[in-house]
Q: 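Here it is: the structure, laid out below.
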Amino acid sequence: MDTPGTISCDDELRNWPAGEDQARAVQDRLRPHVRLDEPGPEPGFEGTVVGVDVAYDDARDVVAAAAVALDARTRAVVDEATAVGQISFPYVPGLLAFREIPTVLDALARLTRTPDLVVCDGYGLAHPRRFGLASHLGVLTGLPTIGVAKNPFTFHYALPGPDRGATSPLLDGTEEVGRALRTQRGVKPVFVSVGHRIDLDRACAQTLHLAAHYRLPETTRAADALCRRALADA
DNA sequence: GCGACAG
DNA sequence: ATCTTGTCGC
């Protein structure tokens with residue numbers, strides 16, 4: 001049985017859901033473990049921010065994940081790791097975590113130090129059941145996580161102002177589940193949501209600091225490039 | 001029933 | 001996510 005506030009990552013992996021109904025049940029069971037009461041690290045803190053990403057080859061049934069650790073202040077790459085596996089779940093909107101997490105966990109385990117913050121491609125709280133990829137990865141690892149997505153999924157938003165740093169609420173009805181964040185002037189915004197153990201203001205501030213030169217955070221760009229290389233070499 | 005739908 | 005060349009622009 002689960003102890004309140006504690007889950008076993010190994011047990012969750014052992015009992016990976018076989019179908020969509022089971023997967024949704026897992027999300028409903030794990031959702032109460034998400035912690036939204038911690039402010040999380042400030043941008044530029046002493047430590048590492050890790051970007052994770054995954055690439056697929058459906059024809060070969062191969063998935064490659066990458067984890068790239070950056071110095072949180074300077075954004076210099078300080079560590080990186082990859083992992084290759086078999087595709088464990090089809091892509092179903094709302095169930096992305098079940099497709100990505102097993103291999104991502106492998107890659108994270110191969111880093112030489114524990115991340116202080118993990119940046120995911122996709123969403124955390126901004127999810128039909130408030131438990132997206134970033135929330136799920138946060139609960140399984142216990143690490144602070146955020147989600148940075150390239151499109152608004154099923155949610156609505158007004159375009160933020162044109163300046164870098166401008167934001168607007170990402171809405172599910174009237175509930176703010178994340179924010180549209182302009183990381184570069186005049187460039188389409190990214191969509192930030194909280195995963196685990198960080199608040200939305202800090203999640204946006206971290207994203208802005210990491211996206212100093214491009215639309216997407218350096219963490220995401222580095223992890224994306226690395227997992228593609230890992231897939232090609234697999 | 002129809003359309004929308006992170007990666 | 002992935003299939004994919006050249007091309008317009010700073």
Side-chain angles (χ1 to χ4, degrees), chain A residues 17 20 23-24 26-27 30-31 34 51-68 82-108 118-139 145-157 164 169-173 175-181 183-196 200 203-204 207 213-217 219-232 234:
Chain A
E20 298 186 21
R24 289 185 194 96
V26 169
Q27 292 179 328
L30 295 182
R31 186 183 53 238
V34 172
V52 292
D53 195 17
V54 174
Y56 302 94
D57 184 338
D58 290 297
R60 290 188 300 154
D61 190 39
V62 174
V63 49
V68 181
T82 61
V84 173
Q86 294 190 320
I87 298 177
S88 58
F89 213 86
Y91 171 66
V92 179
L95 301 178
L96 177 64
F98 298 95
R99 185 167 166 82
E100 307 220 324
I101 280 185
T103 319
V104 165
L105 287 172
D106 276 355
L108 281 174
V118 179
V119 180
C120 301
D121 272 34
Y123 283 117
L125 241 199
H127 178 273
R129 287 169 295 285
R130 303 294 180 267
F131 195 73
L133 170 62
S135 316
H136 202 145
L137 187 63
V139 166
T145 59
I146 67 175
V148 180
K150 303 175 204 64
N151 67 59
F153 199 11
T154 62
F155 306 107
H156 297 115
Y157 68 103
R164 169 174 156 83
L170 184 64
L171 300 171
D172 187 353
E175 181 183 354
E176 183 182 40
V177 294
R179 268 177 211 154
L181 169 66
T183 55
Q184 296 292 325
R185 181 176 178 81
V187 171
K188 178 182 165 184
V190 298
F191 303 89
V192 179
S193 62
V194 161
H196 185 57
L200 187 54
C204 289
T207 301
H213 306 304
Y214 300 93
R215 176 182 178 232
L216 296 177
T219 38
T220 300
R221 293 167 45 82
D224 180 73
L226 183 56
C227 72
R228 290 188 200 220
R229 268 181 276 145
L231 183 64

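To find a chain, count down the sequence lines: A is the first, B the second, and so on, and within it residues start at 1.
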Q: In terms of the angle between their ring planes, are Phe153(A) and His127(A) parallel, tilted or perpendicular, with boundaries placed at 30° and 60°?
A: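 Ring orientation of Phe153(A) relative to His127(A): tilted.
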Q: Provide a list of protein-nucleic acid N or O atom pairs under 3.5 angstrom, restricted to nucleotides 2-10 of chain C.
A:
unit_1 : atom_1 : unit_2   : atom_2 : d
dT2(C) : OP1    : Tyr56(A) : N      : 3.4

Q: To the nearest 0.5 Å, how far apart are CZ in Phe191(A) and OH in Tyr157(A)?
A: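 The CZ atom of Phe191(A) sits 3.5 Å away from the OH atom of Tyr157(A).
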Q: If the condition is side-chain contact (heavy atoms from CB on, under 4.5 Å), which residues does Thr145(A) pass it with, not counting sequence neighbours?
A: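 Counting only residues at least two positions away or on another chain, Thr145(A) forms a side-chain contact (heavy atoms from CB on, under 4.5 Å) with Val118(A), Ala134(A), His196(A).
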Q: Stacking here means centres under 5.5 Å and planes under 30°; does Tyr91(A) stack on dG7(B)?
A: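 The ring of Tyr91(A) is stacked on dG7(B).
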Q: Give the dot-bracket string for DNA chain B, reading 5' to 3', where a pair is Watson-Crick or G-U wobble with both distances under 3.5 Å, ( ) marks pairs inside the strand, [ ] marks pairs crossing earlier ones, | marks a partner on another strand, and . marks unpaired.
A: .......
Q: Can you list every salt bridge (charged side-chain N to carboxylate O under 4.0 Å, His left out) pair that touches residues 94-108 of chain A, not counting sequence neighbours?
A: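 Pairs touching residues 94-108 of chain A that pass the test: Asp58(A)-Arg99(A).
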Q: Only stems of 3 or more consecutive Watson-Crick or G-U pairs count here, both distances under 3.5 Å; name the ones for DNA chain C, or none.
A: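 The stems that DNA chain C takes part in number none, since no run reaches 3 pairs.
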Q: Taking 4.0 Å as the cut-off, does a side-chain nitrogen or oxygen of Lys150(A) come that near to OP1 or OP2 on dA6(B)?
A: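 Answer is no, no contact under 4.0 Å.
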Q: Taking side-chain contact (heavy atoms from CB on, under 4.5 Å) as the test, write out the residues that go with Ala67(A), two or more places apart.
A: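 By the side-chain contact (heavy atoms from CB on, under 4.5 Å) rule, Ala67(A) matches Val50(A), Val52(A), Ala107(A), Leu108(A), Leu111(A).
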Q: With distance as the sole test, does Arg129(A) use its side chain to make a donor-acceptor pair with the main-chain N or O of Gln27(A) at under 3.5 Å?
A: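 Checked: no pair found.
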Q: Are Phe98(A) and Val26(A) close enough, and set up right, to give a side chain to side chain contact (heavy atoms under 4.5 Å, CB included), and what steps lead you there?
A: CA-CA 10 Å; Phe98(A) 298 95; Val26(A) 169; 4.0 Å; yes
Q: Report the distance from atom OH of Tyr123(A) to atom P of dG7(B), rounded to the nearest whole Å.
A: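 Distance, rounded to whole Å: 7 Å.
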Q: At under 4.0 Å between heavy atoms, what does Leu95(A) touch on the DNA or RNA strands: base, sugar-phosphate, or nothing?
A: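 Counting heavy atoms under 4.0 Å across all strands, the contact made by Leu95(A) includes a base.
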Q: Does Lys150(A) have any side-chain hydrogen bond (donor to acceptor under 3.5 Å, both in side chains) partners at least two apart in sequence or in another chain, and if so, which?
A: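 With neighbours one apart ignored, the set is Asp121(A).
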Q: Round to the nearest Å and state the distance from Leu133(A) atom CG to dA6(B) atom P.
A: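 One finds 13 Å between P of dA6(B) and CG of Leu133(A), rounded.
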Q: Mind checking what makes side-chain contact (heavy atoms from CB on, under 4.5 Å) contact with Glu20(A), not counting sequence neighbours?
A: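 Counting only residues at least two positions away or on another chain, Glu20(A) forms a side-chain contact (heavy atoms from CB on, under 4.5 Å) with Arg24(A), Val92(A), Leu95(A).
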Q: Considering every strand and a 4.0 Å limit on heavy-atom distances, what is the contact class for Gly147(A): base, sugar-phosphate, or nothing?
A: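 Counting heavy atoms under 4.0 Å across all strands, no contact is made by Gly147(A).
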Q: Who pairs with Arg215(A) by salt bridge (Lys or Arg N to Asp or Glu O under 4.0 Å), at least two apart in sequence or on another chain?
A: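 Listed in chain order: nothing, the list is empty.
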Q: Is it the case that the side chain of Thr103(A) and the backbone of Ala83(A) share a donor-acceptor pair, with hydrogens and angles ignored and the cut-off at 3.5 Å?
A: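 No, Thr103(A) side chain to Ala83(A) backbone: no donor-acceptor pair under 3.5 Å.
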Q: How would you list, by chain and number, every residue that makes a side-chain hydrogen bond (donor to acceptor under 3.5 Å, both in side chains) with Arg229(A), sequence neighbours excluded?
A: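 Not a single residue meets the side-chain hydrogen bond (donor to acceptor under 3.5 Å, both in side chains) criterion with Arg229(A).
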Q: Take the angle between the ring planes of His136(A) and Phe131(A) and call it parallel below 30°, perpendicular above 60°, tilted in between.
A: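 The arrangement is tilted - the two ring planes meet at 30° to 60°.
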Q: Please list each protein N or O that sits under 3.5 Å from an N or O in nucleotides 2-4 of chain B, with the distance.
A:
none

Q: Please report, rounded to the nearest Å, how far the C1' atom of dA6(B) is from the CG atom of Leu170(A).
A: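 From Leu170(A) CG to dA6(B) C1': 11 Å.
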Q: Separation of Ile146(A) atom CD1 from dA6(B) atom C1', in whole Å?
A: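 Distance, rounded to whole Å: 15 Å.
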Q: Between atom CD in Glu100(A) and atom P in dG7(B), what is the gap in whole Å?
A: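 These atoms are roughly 9 Å apart.
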Q: If I take atom CG in residue Asp61(A) and atom P in nucleotide dA1(C), what distance separates them, rounded to the nearest angstrom?
A: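 Roughly 19 Å, once rounded to whole Å.
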Q: Among all residues two or more places apart in sequence or in another chain, which pass the side-chain contact (heavy atoms from CB on, under 4.5 Å) test with His156(A)?
A: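 None.
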